[in-house]
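These notes are about the structure you will find just below.
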Amino acid sequence: MVMTSPTYDDVVRAHERIAGHAHRTPVLTSRLTDAEFGGRYFFKAENLQRMGAFKFRGAYNALSRLTPEQRRAGVVAYSSGNHAQAVALSARLLDVPATIVMPHDAPAAKLAATKEYGADVVSYDRYSGDPEEIAQALSAERGLTFVPPYDHPDIIAGQGTAAKELFEDAGELDALFVPLGGGGLLSGTLLAAGALAPRCAVYGVEPEAGNDGQLSLRRGGIVHIDTPQTIADGAQTQHLGAHTYPVIRDRVTDVLTATDAQLADCMRWFASRMKAVVEPTGCLGLAAARERSAELRGKRIGVIISGGNVDLNRYAQLLTAPH
Ligand SMILES: *Cc1c(COP(=O)(O)O)cnc(C)c1O
């Protein structure tokens with residue numbers, strides 16, 4: 001793996017590597033939606049990606065760049081969610097042994113899916129252990145290649161392929177709204193937008209309780225926060241990365257936030273209007289776009305639906321909660 005800062009060329013090469021392995025997900029449109037919000041809306045449906053989120057793009061790209069020796073030795077990653085499944089599935093497809101460090105109380109469905117893909121799961125106590133330390137130790141002891149969840153040029157380039165497809169399929173856009181956790185998806189998107197849609201305004205959207213990206217932008221340096229309490233479990237990151245932050249700082253239009261109540265409301269909206277199961281984190285883009293529908297009137301708006309992995313009991317609860 002090469003550690004120089006990623007460019008749009010890397011996104012193009014990542015797109016070639018994942019072709020035939022990742023889905024080219026559909027771009028959903030709806031006349032009712034356009035009439036309701038007063039613009040033209042294009043939803044990139046990464047909830048329909050393999051394993052249920054865009055994370056497969058980055059993981060598959062990163063793993064397919066390993067040397068034969070690295071492939072034989074295997075990879076290690078830590079995650080309680082989509083990155084775990086993305087690395088486990090990519091590893092199975094590329095015949096690479098995978099070890100995933102997951103909290104002992106990770107959602108049963110995610111744990112089961114990760115094991116089903118053939119990964120070795122190492123559990124740790126969420127309240128006393130540091131998963132990155134454990135993964136780094138396993139990497140050192142067993143010679144495994146560490147695959148970070150967002151802060152790596154190959155991960156960033158892979159995640160940028162979703163926006164590349166969106167611009168290719170939807171054409172010119174005036175604004176694009178992108179969920180933001182550690183910034184892999186947003187920085188990759190910004191590289192694609194810079195080459196394919198330089199006039200498009202690109203917004204990162206974070207949970208209001210975890211607005212470290214917004215603070216970082218305002219203060220001009222990476223801000224660390226405690227793990228935020230939010231239903232957007234895919235964006236509970238504590239800080240942007242050394243690779244993602246500079247791309248975001250230099251290229252993003254702004255970073256916006258959405259509340260848990262807005263996310264739950266967008267989950268209901270996706271279910272009823274688009275017939276789409278979207279996890280809370282996947283709703284960040286729409287939540288921010290919808291708040292601004294008045295100023296976006298008449299424009300062409302892109303929204304990345306980043307994932308659809310949500311435990312069904314939890315989903316039912318969130319859909320029926322009083323609002
Ligand atoms: C990981 C994830 C995000 C955040 O992506 P980053 O690259 O960490 O910013 C957003 N949505 C979903 C569904 C995710 O799994």
Side-chain angles (χ1 to χ4, degrees), residues 6 11 25 43-59 61-62 77-89 106-107 110 113-114 132 147-163 177-192 202-207 210-214 216-217 222 227-228 230-245 247-248 252 255-258 263 266-267 270 276-288 303-311 315:
V11 178
T25 53
F43 296 94
K44 180 63 171 168
E46 286 296 296
N47 55 319
L48 304 178
Q49 184 52 264
R50 290 184 80 168
M51 54 60 54
F54 72 90
K55 289 238 176 35
F56 180 70
R57 295 172 181 271
N61 183 51
Y78 70 89
S79 165
S80 56
N82 289 332
H83 181 60
Q85 291 170 74
V87 171
L89 174 58
K110 291 192 169 165
T114 305
E132 177 159 4
V147 186
Y150 54 86
D151 202 28
H152 191 286
D154 294 335
I155 298 286
I156 294 169
Q159 317 306 32
T161 60
F177 293 85
V178 186
L180 170 59
L185 180 63
L186 179 60
S187 52
T189 297
L190 289 163
L191 296 177
V202 180
Y203 298 94
V205 190
E206 292 179 307
N211 68 332
D212 60 289
Q214 191 177 59
S216 300
L217 209 62
I222 299 174
T227 301
T230 167
I231 60 172
D233 57 326
Q236 280 180 310
T237 40
Q238 295 169 286
H239 55 87
L240 301 177
H243 293 278
T244 60
Y245 171 67
V247 178
I248 294 169
V252 80
V255 173
L256 311 169
T257 61
L263 296 179
C266 287
M267 282 178 80
F270 275 123
V277 176
V278 182
E279 62 183 275
T281 317
C283 293
L284 283 164
L286 176 63
V303 172
I304 297 186
I305 302 176
S306 52
N309 289 331
V310 48
D311 178 80
Y315 186 63

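Note that ligands are numbered from 1 as they come in the structure, with each ligand's atoms numbered from 1 the same way. Quantities reported herein were computed from a predicted structural model and do not represent experimental measurements.
- Nearest protein neighbour of atom 11 (N) of ligand 1, counting heavy atoms only, is Ser306 OG, 2.7 Å.
- When Gly81, Gly182, Gly184 are ranked by how near their heavy atoms come to atom 7 (O) of ligand 1, first place goes to Gly184.
- Of the candidates Thr244, Leu284, Leu240, Leu240 is the only one forming a side chain to side chain contact (heavy atoms under 4.5 Å, CB included) with Leu180.
- Heavy-atom proximity to Asn82, at under 4.0 Å, picks out these atoms of ligand 1: 13 (C), 14 (C), 15 (O).
- Distance from atom 5 (O) of ligand 1 to its nearest protein heavy atom, with residue and atom name: Phe54 CZ, 3.4 Å.
- Checking each of Val277, Val278, Asn47 against Phe270 for a side chain to side chain contact (heavy atoms under 4.5 Å, CB included) leaves exactly one that passes, namely Val278.
- In this structure, Thr230 OG1 and Asn211 CG are separated by 11.5 Å, a value rounded to the nearest 0.5 Å.
- Regarding atom 1 (C) of ligand 1, its nearest protein heavy-atom neighbour is Lys55 NZ, 1.3 Å.
- When only interatomic distances are considered, the shortest N/O to N/O separation between Gly181 and ligand 1 falls below 3.5 Å.
- Formation of a donor-acceptor pair under 3.5 Å by the Glu206 side chain with backbone atoms of Gly213 is found in this model.
- Less than 4.0 angstrom separates some heavy atom of Glu279 from each of these atoms of ligand 1: 13 (C).
- Distance alone, capped at 3.5 Å, is enough to place a donor-acceptor pair between the Gln236 side chain and the Pro228 backbone.
- Neither the backbone nor the side chain of His83 comes within contact range of ligand 1; no heavy atom lies under 4.0 Å.
- For Asp151 against His243, the heavy-atom pair with the smallest separation is OD1-N, 2.7 Å.
- Atoms of ligand 1 found under 4.0 Å from any heavy atom of Gly234, numbered from 1 in the order shown, are 1 (C), 2 (C), 3 (C), 4 (C).
- Between Gln49 and Thr25, the side chains place no donor N or O within less than 3.5 Å of an acceptor N or O (distance only, hydrogens not considered).
- Residue Gly183 has at least one heavy-atom neighbour below 4.0 Å for each of these atoms of ligand 1: 6 (P), 7 (O), 8 (O), 9 (O).
- Taking distance alone, with nitrogen or oxygen atoms compared against 3.5 Å, Thr281 stays at or beyond that limit from ligand 1.
- Atoms of ligand 1 found under 4.0 Å from any heavy atom of Gly307, numbered from 1 in the order shown, are 13 (C).
- Within the 3.5 Å criterion, the main-chain N or O of Leu185 finds no donor-acceptor partner in the side chain of Gln159.
- The distance criterion of under 3.5 Å between nitrogen or oxygen atoms is not met by Ala53 with respect to ligand 1.
- When all heavy atoms of Ala192 and Ala163 are compared, the closest pair comes out as CB-CB, 4.1 Å.
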